[in-house]
Amino acid sequence: MTRVLFASSEAYPFIKTGGLADVSFALPRELRGYGVDARVIIPKYMDISEEFKNKMRFVKSFNVQVGWRNQYCGVFEMDYEGVPFYFIDNEYYFKRGGVYGFYDEAERFAFFSRAVLEFIGNMDFKPEIIHCNDWQTAMVSPLLKSQYAFNMEMSGIKTVFTIHNLKYQGIYGPEVLGDLFGLGYEHMNPSGLEFYGDANFIKGGLNYTDAITTVSDTYAMEIQDPYYGERLDGVLRDKSSNLHGILNGIDYKIYDPSTDTNIVRNYDADSASEGKTTNKLELMDMLNLNRGSDVPLIGMVSRLTDQKGLDLLERIMQDLMKNTNASMVILGTGEQRYENSFRHFESMYPGRLSVNLKFDNKLAHMIYASCDMFLMPSKFEPCGLSQLISLRYGTLPIVRETGGLRDTVTSYNKYTGEGNGFSFSNYNAHEMLYTIERAVELYRDKKTWDSIVKTAMKEDFSWKKSALMYKSLYNKVLNNSL
Ligand code: ADP
């Protein structure tokens with residue numbers, strides 16, 4: 001049984017800010033079903049609920065070196081739905097409200113990355129592969145390869161590194177190498193961590209790992225291009241033969257309209273029309289939107305950042321409200337400028353626009369179940385889970401053709417009847433508006449609409465196929481046969 005330690009900065013159901021959390025639970029769980037002993041390690045954040053904290057068992061503690069500092073590291077464990085989770089405890093780093101965005105971010109994740117390695121030295125579980133994710137755990141590979149090479153127990157461990165989002169890289173002054181990692185300046189070279197004079201954690205992850213994956217085929221291609229490459233396109237072109245696109249899935253148990261307890265009325269592909277209408281009317285009442293079963297309702301559940309194409313929406317919001325009879329519900333948190341402008345639009349269109357600036361899992365499920373369309377006009381999108389959840393709930397996605405959106409949404413073709421949603425190719429507000437108008441127009445044709453909804457709900461974006469691809473990649477890494 002292949003042993004894999006999945007190192008992540010967040011994991012559902014304990015702590016979640018985005019898609020990485022979903023992946024960090026669903027993938028290991030699926031892998032376990034295929035004979036991989038996958039276990040997850042995350043920080044023990046203060047924001048993890050008391051209910052979970054009370055169920056955790058203390059395992060042991062040891063010290064972890066962070067540059068010249070010697071820090072306490074506790075290990076807690078807990079199984080969730082058959083997946084063993086380990087939690088790294090240090091109150092100085094993790095007893096804070098919030099997950100990211102602190103002044104000492106580099107130090108917090110330097111500690112966590114080394115704690116992952118020290119954990120292996122101190123525990124009975126000896127992984128053959130450490131699967132690292134994004135910049136927060138990228139430094140595990142450089143540390144392993146440079147400082148644990150003479151450790152008999154650890155020198156054979158391989159690493160896989162997954163890019164969930166290349167935009168966030170962990171770029172800090174070169175002094176962090178010595179100060180936080182005890183690494184020498186020999187690593188400050190272009191095939192190590194050096195990045196325009198700074199140290200770049202993700203670059204270290206790319207250069208020192210045994211295999212690189214990212215979360216869709218299209219994003220794997222796109223990031224080798226300067227437009228999407230975030231200044232690492234050259235490194236990624238160099239590594240292109242060892243860069244694998246494996247699409248994320250979604251957890252079909254959590255996201256299942258026929259059993260979801262967060263929604264008012266359960267439904268499946270055959271009862272979608274009535275089921276979705278009941279949920280929609282309920283949501284409209286709940287959010288003070290004008291009631292109407294034939295009012296097309298467009299949903300958005302998103303981090304409010306530039307990545308998500310919100311500036312396109314700002315630009316055409318008034319036209320959208322003028323030109324169509326659609327209503328809209330937005331759920332998200334993020335940049336102040338978007339929060340302010342959407343709040344402003346909400347006051348302009350009472351009864352037609354509901355803006356909810358919070359993180360609310362239940363409301364998110366209600367939106368997926370109740371809306372007719374789901375808008376996701378991302379500037380870039382490594383994989384995107386929201387469009388997959390929407391498809392599962394029969395909410396037709398309207399997306400820009402980039403990354404995982406391009407790989408999962410096929411625009412409806414009126415001549416062939418093919419398609420599971422709507423898409424546009426250029427990052428252009430009016431192209432988006434036109435596409436939304438086309439969807440709203442088609443919504444009037446109930447029969448056609450219902451048939452597209454059926455197609456959408458029959459798609460299979462569960463984890464099965466992807467988990468088997470990861471398993472095969474792990475085997476190749478272990479057999480040196482990549
Ligand atoms: P990203 O990881 O870039 O944020 P994804 O589409 O891959 O985008 O995943 C986002 C996940 O987070 C989805 O499960 C989505 O429903 C959820 N989500 C995003 N914002 C919120 C929010 N404000 N409240 C509840 N869930 C949210």
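Ligands are counted one by one from 1 in listed order, and the atoms in each one are counted from 1 as well.
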Check: Any idea how Tyr470 and Tyr474 line up, ring-wise: parallel (<30°), tilted (30 to 60°), or perpendicular (>60°)?
Finding: tilted
Next item on the list: Determine whether any heavy atom of Gln387 lies closer than 4.0 Å to an atom of ligand 1.
Entry: no
Item checked: For Gly332, the ligand 1 atoms whose distance to one of its heavy atoms is below 4.0 Å -> 23 (N)
Notebook entry, point to check: Considering only the protein, which heavy-atom contact is closest to atom 5 (P) of ligand 1, and what is its distance?
Noted result: Leu385 N, 3.5 Å
Check: Does any N or O in the side chain of Asn165 come within less than 3.5 Å of the main-chain N or O of Lys167, such that one atom is a donor and the other an acceptor?
Finding: yes
Item checked: Salt bridge present between Glu381 and Lys308 (N-O < 4.0 angstrom) -> yes
Margin query: For atom 16 (O) of ligand 1, what is the closest protein heavy atom, and at what distance to 0.1 Å?
Written below: Tyr368 OH, 2.6 Å
Notebook entry, point to check: If you count the atoms of ligand 1 from 1 in the order shown, which ones are under 4.0 Å from a heavy atom of Asp360?
Noted result: 24 (N), 25 (C)
Next item on the list: Among all protein heavy atoms, pick out the one at the shortest distance from atom 23 (N) of ligand 1; state its residue, atom name and that distance to 0.1 Å.
Entry: Lys358 O, 2.8 Å
Next item on the list: Could you tell me the separation between the CG atom of Asp47 and the OG1 atom of Thr17, rounded to the nearest 0.5 Å?
Entry: 11.5 Å
Notebook entry, point to check: Which of the atoms in ligand 1, numbered in the order shown and given with their element, are less than 4.0 Å from a heavy-atom of Ile389?
Noted result: 14 (O)
Item checked: Nearest-contact summary for atom 13 (C) of ligand 1 - protein heavy atom, Å -> Ser386 OG, 3.8 Å
Next item on the list: Measure the distance from atom 21 (C) of ligand 1 to every protein heavy atom, then report the residue, atom name and distance (to 0.1 Å) of the closest one.
Entry: Phe359 CE1, 3.4 Å
Note to self: If you measure every N or O of Thr333 against every N or O of ligand 1, does any of those distances drop under 3.5 Å?
What the structure shows: no
Checklist line | Proximity winner for atom 12 (O) of ligand 1, if only heavy atoms of Glu10, Met376, Lys16, Arg303 are counted | finding: Lys16
Check: For ligand 1, which atoms, with element, lie under 4.0 Å from some heavy atom of Tyr255?
Finding: 14 (O)
Notebook entry, point to check: Taking only heavy atoms of Gly384, which atoms of ligand 1 are found under 4.0 Å from at least one of them?
Noted result: 6 (O), 7 (O)
Checklist line | Element-labelled atoms of ligand 1 that are located less than 4.0 Å from some non-hydrogen atom of Ala364 | finding: 25 (C), 26 (N)
Notebook entry, point to check: Would a 4.5 Å heavy-atom cut-off, applied to side chains only, mark Tyr100 and Ser9 as touching?
Noted result: yes
Checklist line | Protein residue, atom and distance nearest to atom 19 (C) of ligand 1, heavy-atom basis | finding: Val301 CG1, 3.9 Å
Next item on the list: Report yes or no: is the cationic atom of Arg96 (NZ for Lys, CZ for Arg) under 6.0 Å from the centre of the six-membered ring of Phe102, at an angle within 45° of the ring normal?
Entry: yes
Next item on the list: Give a yes-or-no answer on whether the side chains of Tyr252 and Arg392 include a donor-acceptor pair shorter than 3.5 Å.
Entry: no
Check: Can you tell if the side chain of Phe380 reaches within under 4.5 Å of the side chain of Leu166, non-hydrogen atoms only?
Finding: no
Note to self: Which residue and atom name correspond to the protein heavy atom nearest atom 10 (C) of ligand 1, and how close is it?
What the structure shows: Gly19 N, 3.8 Å
Check: Looking at Phe76, is Lys44 sitting on its ring face, NZ or CZ under 6.0 Å from the six-membered ring centre and within 45 degrees of the normal?
Finding: yes
Item checked: Contacting atoms of ligand 1, where contact means under 4.0 angstrom from a heavy atom of Asp22 -> 14 (O)
Notebook entry, point to check: Which bit of Lys308 gets closer than 4.0 Å to ligand 1, counting heavy atoms only: side chain, backbone, both or neither?
Noted result: side chain
Next item on the list: Establish, from distance only, whether the side-chain atoms of Asp306 and Tyr338 form a donor-acceptor pair under 3.5 Å.
Entry: yes
Notebook entry, point to check: Charged N to carboxylate O under 4.0 angstrom, Glu441 versus Arg438?
Noted result: no
Check: Is Asn361 close to ligand 1, meaning an N/O of one under 3.5 Å from an N/O of the other?
Finding: no
Margin query: If you define the side chain from C-beta out and look only at heavy atoms, does anything of Thr324 sit under 4.5 Å from Ile436?
Written below: no
